[in-house]
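Accompanying notes for the structure given below.
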Amino acid sequence: MIAEDNRSQKPNVAHDGINGYGTVVDVNTGKAQNIDTYERYALELMKAVSARCVNAGAIDIGHIKAYLEGDRLFVYASAVGDAPDITVKSEGDGSPMAVSLTINSVVYGIDKDALKNATDDALDEVAGVFGFTVTKR
Amino acid sequence: MKLVQIAGYLGSGKTTLILALVRIIAGKGQKVAILVNDVGEVPVDGKVMEEFGLTVKDIGGGCICCQVAGNLRSTLKTLAREIDPDMVIIEPTGMAVPGAVKEVAGYVRSPVDISFGPTIVLFDTTRAEKLLTYETLERLVATQLKDADIIALSKVDAIENAEVDLARQAVSKFNPGAAIIRLSTMSGEGLDDLAEAALNVTINA
């Protein structure tokens, strides 16, 4: 029976084994960065989250999707499969020194805590490589 | 208001297909709205589609085939009231059961006049073996395929034709009655066929 209001109901059993995790962070780069830097950052982030999920035992990377949004800048990235197949697209010509980053990971074969750790740890790792600071909202 | 569902497992290319398909359908004078459901706590697809200039309603917080099914109906009513589109393209989560989504949408009653277009289920041919090997994953993917009116074999540009044929044979076993088409949003193969189906095919609820 489907509820008449917007209350959450139990997940379908067909979803067994698939978990999702998402978060929004502020990324401070310390100085103005161009779109190429943000694209490389998004690419490395996709690689890092995927790798950490696979290392944690993921059977399949359903998807990892993220977008960065700043002054006159929008970068979208996605990763699919454990190879993984990564796409990065961008729009705008801004060079902001701070952006917001929204990331959403959906993975088959690891529990939600492991997925959260993989995503959060990758955010810290890649920010460190680029000299950026990430702050969770 | 015609509902066309574009479903399929995670990463099968639903969002990319919708971005391409809406341009074709809107180019034929149809007013199209998109309803997107993300499974993670924070939606991404809807924001990306908006950046591409599309009219989007986002549903987050769970899957519209089960956890937040009630939100699907209320959002469809809101779309009808605020936008009054000719067509709503529904992108459920990659783990959604398309038949359940259609059932939920079918509960929407007056004053919204709803008809159903085809349920299009994408199957990622580049991951065919994996998707049909792991038990619980295969169960989900098989369920999605069984609910399809049209199965779109996606990313056919990325593999050899012989592999596409093998994928076609594999998916047809789950749903022998479904139309199966080759799809590449990179080359455009299959896009016009899917747009025509979305516009002209009506399915009984």
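Quick note on labels: first sequence line is chain A, next is B, and so on, each numbered from 1. Small disclaimer: the values here were computed from a predicted structure and weren't measured. The figures that follow rest on heavy atoms only: side chains count, while hydrogens, waters and symmetry mates do not.
Across all their heavy atoms, B:Arg139 and A:Val13 have their closest contact at NH2-O, 3.4 Å. Scanning both residues, A:Asn104 and B:Pro43, for their nearest heavy atoms gives ND2-CA, 4.5 Å. In this structure, A:Ile61 and B:Arg127 approach most closely via the heavy-atom pair O-NH1, 3.6 Å.
Side-chain contact between B:Asp45 and A:Tyr67: absent, with no pair of heavy atoms (C-beta onward) separated by less than 4.5 Å. Contact check for B:Met95 versus A:Tyr108: no side-chain heavy atoms found under the 4.5 Å cut-off. No side-chain heavy atom of A:Lys89 sits less than 4.5 Å from a side-chain heavy atom of B:Val48.
A:Ala66 touches chain B through its backbone: at least one of N, CA, C or O sits under 4.5 Å from a heavy atom, while the side chain does not. B:Ser12 does not touch chain A: none of its heavy atoms, backbone or side chain, sits under 4.5 Å away. Only the backbone of A:Ile103 comes within less than 4.5 Å of a heavy atom of chain B; no side-chain atom from C-beta onward does. With a 4.5 Å cut-off on non-hydrogen atoms, B:Ala96 touches chain A through its backbone but not through its side chain. With a threshold of 4.5 angstrom between heavy atoms, B:Thr136 approaches chain A through its backbone and through its side chain.
The line from CG of B:Leu10 to CG of A:Asp60 is 8.0 Å long, rounded to the nearest 0.5 Å. Between the CD atom of B:Gln67 and the NE2 atom of A:His15 there is a distance of 7.0 Å, given to the nearest 0.5 Å. If you take OH on A:Tyr76 and CZ on B:Phe52, they are separated by 8.5 Å, rounding to the nearest 0.5 Å. For the atom pair A:His63 NE2 and B:Thr93 OG1, the distance stands at 9.0 Å (nearest 0.5 Å).
Counted within 6.0 Å of CE on B:Met186, heavy atoms from surrounding residues, nucleotides or ligands total 12 or fewer; the atom is thus considered open. Counting heavy atoms of neighbouring residues, nucleotides and ligands inside a 6.0 Å radius, atom CD of B:Glu189 exceeds 12 of them. The environment of NZ in A:Lys136 is crowded: more than 12 heavy-atom neighbours from other residues, nucleotides or ligands sit within 6.0 Å.
Applying the salt bridge (Lys or Arg N to Asp or Glu O under 4.0 Å) test to every pair with at least one member in residues 140-157 of chain B, sequence neighbours left out, gives these pairs: B:Asp124-B:Lys155.
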(Q) Please evaluate residues A:Lys65 and B:Asp38 with respect to the criterion salt bridge (Lys or Arg N to Asp or Glu O under 4.0 Å), reporting the C-alpha separation (whole Å), side-chain torsions for both, the decisive distance (0.1 Å), and the verdict. (A) CA-CA 10 Å; A:Lys65 295 184 177 183; B:Asp38 264 326; 5.3 Å; no
### Task
Apply the test side-chain contact (heavy atoms from CB on, under 4.5 Å) to residues A:Tyr21 and B:Val42: give CA-CA distance (whole Å), side-chain angles for both, the deciding distance (0.1 Å), then the verdict.
CA-CA 8 Å; A:Tyr21 170 69; B:Val42 289; over 6 Å; no
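For the pair B:Lys130 (side chain) and A:Ile59 (backbone), a donor-acceptor distance under 3.5 Å is present.
Each of B:Val44, B:Thr15, B:Thr126 has some count of heavy-atom pairs under 4.5 Å with chain A, and the biggest count is that of B:Val44.
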